[in-house]
Amino acid sequence: MIQTIRGTRDILPEEIALWHRIEAVASEGFRRYGFREIRTPIIEKTELFSRGVGESSDIVNKEMYTFTDRAREDRAGESITLRPECTASVVRSYIQHRMYADHSPGELTKLYYIGPMFRRERPQAGRYRQFFQVGAEVLGDSDDPAIEAEVIEMLDWFLGELKITDTTLLINSVGDATTRGDYLVGLREAIEPDLESYCEDCHHRYATNALRVFDCKNEACRALISRLPTITESLDEASREHFAQFRAHLDARGIGYTVRPEMVRGLDYYTRTAFEIVANSGLGAQNTIVGGGRYDGLSETLGGPPTKGFGFAFGLDRLVMALPESEAASRRAAAAPEIFIVSLGDEARAHAALVARELRRAGIAVLLDFSERKMKKALALADKLHARHALIIGENETASRRYGLKNLAEGTQESLAIDEIIAKFA
RNA sequence: GCGGGUAUAGCUCAGCUGGUUAGAGCGCCAGAUUGUGGCUCUGGAGGCCGUGGGUUCGAAACCCACUACCCGCCCCA
């Protein structure tokens, strides 16, 4: 049996209704907040991610699906990669299409996307190799922290609309590139004297990304970590002020948050504001549902003009898991047929097809039964498919052009002509 | 890349320390007389017990290898 590749999966019809629900809420939110959709390719030149996301990140180091495109044998193959995230692609598109060219000062380009991303990592709960993300980016020459608060306000509305309420907003400022660099040097100097006392993982982190030691769960390390300087107290004046304003904007909106000075993000491009929204229950070890932050300078890294950027992405796979069951059940019911047509005999069946066409043209969801089965079995099938009504068409009905419309939940039935049925569903 | 767990019917799972015809619930099919579903009752179909090897008189069970899936670590969009 041929089955799905590791880390990929089929999203079956029973689950699709939930995805549609989330997508509908998202696009409505984006509409209200002035975001327009963009669709970028799922493959890009590898260079886009190695430059944009960063050579030192784990994504680029070991988690990308990279291939060589051998379209022409007389040329060296080009390295292409299945996109591991979409921010770099959106910024690439922003530059490529010169979206900034007609901007007036302070004008913003607000874009959102939805689609599959790929990461070559070992799958676990809520983490797949092909995963789906919805994300948005605000690009322009303004880094006003009010922009950040507004985006989070939108996410807040969004999660509320989906009845996902048991969440926590975590925020931090990682400073600009210079302060972050200086801080990293200082952090390593602070760790070094006690390096022997840290665990093996932390030795690795010390060598690659010292900020990560803050995530260590090892008891012995925790005590040492609590004495290390945090990036918050090392921020330059401008970043400190930016962060204070950001918090003030959240406060003004009544949005609660927790400052996590040790929270760092895995991508190299983040500057200043970083945030996550985590689910407090129900998702196991992979409980981050939204992650985002500011990335001033990414455009320049990709060869574009000086640009400020702020954005986020959330994982649809996890969001679907976090949806409450009540939400799930009502969505599934909405996908059921409105009318299941039960026809008895060849003549009636032929006529039923014409009736079905009329009803469908009138906008009604109709299911035809093509098999010859007894009415008893046909009604049982209608019931199993959660049809709300059965329309019974036999010899008598075919002759009289009046059909038996049965409400399957109530058990009531009435004899109606086709126009009357259509009027009933209008 | 590392660690742990699991693999038996379409699905969810039992199967005690090896013992001969491998079970349950749900689902599926048929019936409880004529053109009226759900509930109930009766009957039925359906399984190289993940794959390969080994131990044994005998293996779904024990051992080894492989594969797949799940959970976690690393890392995290």
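Note on naming: letters A, B, ... go to the chains in the order of the sequence lines (proteins, then strands), and numbering restarts at 1 for each one.
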Under-3.5 Å N/O pairs linking protein and nucleotides 2-7 of chain B:
residue, atom, partner, partner atom, Å
B:rC2, N4, A:R122, NE, 3.4

Taking the same atom, [atom1], in [N] and in [M], what whole-Å distance lies between them?
N: B:rU8; M: B:rG50; atom1: P; result: 6 Å
N: B:rG23; M: B:rU33; atom1: C1'; result: 35 Å
N: B:rC39; M: B:rA60; atom1: C1'; result: 37 Å
N: B:rA9; M: B:rC49; atom1: P; result: 9 Å
N: B:rC48; M: B:rC41; atom1: C1'; result: 36 Å
N: B:rA24; M: B:rG47; atom1: C1'; result: 14 Å
N: B:rG10; M: B:rG27; atom1: C1'; result: 7 Å
N: B:rG43; M: B:rA7; atom1: C1'; result: 32 Å

Give a yes or no answer on whether the side chain of [X] reaches the backbone of [Y] with a donor-acceptor pair at less than 3.5 Å.
X: A:R318; Y: A:T288; answer: yes
X: A:R272; Y: A:V174; answer: no
X: A:S93; Y: A:V90; answer: no
X: A:R401; Y: A:A417; answer: no

Those residues that, when tested against A:Y295, pass side chain to side chain donor-acceptor pair (under 3.5 Å) (two or more places apart)
A:E137
Only counting residues at least two apart or in another chain, list the ones meeting side chain to side chain donor-acceptor pair (under 3.5 Å) with A:E153.
A:Y33, A:R253
So for [X] and [N], does any side-chain atom that can act as donor or acceptor lie under 3.5 Å from a complementary atom in the base?
X: A:R119; N: B:rC75; value: no
X: A:K406; N: B:rU36; value: yes
X: A:Q413; N: B:rG35; value: no
X: A:D383; N: B:rG38; value: no

Check whether A:F131 forms a cation-pi arrangement with A:R119 (NZ or CZ under 6.0 Å from the six-membered ring centre, at most 45° off the ring normal).
yes
Quiz item: cation-pi between A:R247 and A:F243, 6.0 Å / 45°
yes
Chi angles and distances behind the salt bridge (charged side-chain N to carboxylate O under 4.0 Å, His left out) call for A:K424, A:E420:
CA-CA 6 Å; A:K424 210 174 165 62; A:E420 295 169 323; over 6 Å; no
Identify whether any heavy atom of [X] sits under 4.0 Å from a base atom; if not, whether one sits that close to sugar-phosphate; answer base, sugar-phosphate or nothing.
X: A:E395; value: base
X: A:A382; value: nothing
X: A:A390; value: nothing
X: A:G404; value: nothing

Given [options], identify the nucleotide with an atom nearest to the side chain of [X].
X: A:R6; options: B:rC74, B:rA68, B:rG35; value: B:rA68
X: A:M375; options: B:rG72, B:rG35, B:rG1; value: B:rG35
X: A:P123; options: B:rC74, B:rC71, B:rC70; value: B:rC70
X: A:E397; options: B:rG35, B:rG72, B:rC75; value: B:rG35

Between A:V290 and A:A387, which has a closest nucleotide on RNA chain B that is more 5'?
A:A387
For A:K376 and A:M117, find the nucleotide of RNA chain B closest to each by heavy atoms; which residue's nucleotide sits nearer the 5' end?
A:K376
Could you pull out the protein-nucleic contacts involving nucleotides 25-31 of chain B (nitrogen or oxygen on both sides, under 3.5 Å)?
residue, atom, partner, partner atom, Å
B:rC28, OP1, A:K384, NZ, 3.4
B:rG31, OP1, A:K374, NZ, 3.1

CA sep, side-chain torsions, deciding dist, call: A:N280, A:T168, side chain to side chain donor-acceptor pair (under 3.5 Å):
CA-CA 7 Å; A:N280 297 328; A:T168 303; 2.9 Å; yes
Output every pair passing ring-ring contact (aromatic ring centres under 6.0 Å, His included) with a member in residues 134-184 of chain A, not counting sequence neighbours, ordered by first then second residue.
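Listed once each, the pairs are A:F158-A:F314.
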All pairs passing ring-ring contact (aromatic ring centres under 6.0 Å, His included) where residues 1-24 of chain A contributes a residue, at least two apart:
A:W19-A:F132
Any residue meeting salt bridge (charged side-chain N to carboxylate O under 4.0 Å, His left out) with [X], in chain and number order, not counting sequence neighbours:
X: A:R188; value: none
X: A:D419; value: none
X: A:R360; value: none
X: A:E148; value: A:R294

Would you kindly give the [atom1]-to-[atom2] distance between [X] and [N], to the nearest whole Å?
X: A:R127; N: B:rC70; atom1: CZ; atom2: C1'; answer: 15 Å
X: A:E372; N: B:rG35; atom1: CD; atom2: C1'; answer: 15 Å
X: A:N287; N: B:rG72; atom1: CG; atom2: C1'; answer: 14 Å
X: A:N396; N: B:rU34; atom1: CG; atom2: C1'; answer: 14 Å
X: A:D369; N: B:rG37; atom1: CG; atom2: P; answer: 16 Å
X: A:L381; N: B:rU36; atom1: CG; atom2: P; answer: 17 Å
X: A:F340; N: B:rU36; atom1: CZ; atom2: P; answer: 16 Å
X: A:R318; N: B:rC71; atom1: CZ; atom2: P; answer: 12 Å

Scan side-chain atoms only and decide if A:D176 and A:T179 contain a donor-acceptor pair under the 3.5 Å cut-off.
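There is such a pair between these side chains.
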Mind checking which stems touch RNA chain B? I mean at least 3 consecutive Watson-Crick or G-U pairs, both distances under 3.5 Å.
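As far as RNA chain B goes, consecutive pairing (with distances under 3.5 Å) yields the stems B:1-7 with B:67-73, B:10-13 with B:23-26, B:28-32 with B:40-44, B:50-54 with B:62-66.
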So, does A:Q124 get its side chain near the phosphate of B:rC71, meaning an N or O under 4.0 Å from OP1 or OP2?
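For B:rC71, OP1/OP2 do not have a side-chain N/O of A:Q124 under 4.0 Å.
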Shorter than 3.5 Å, N or O on both sides, protein versus nucleotides 46-48 of chain B: list them out with atom names.
none

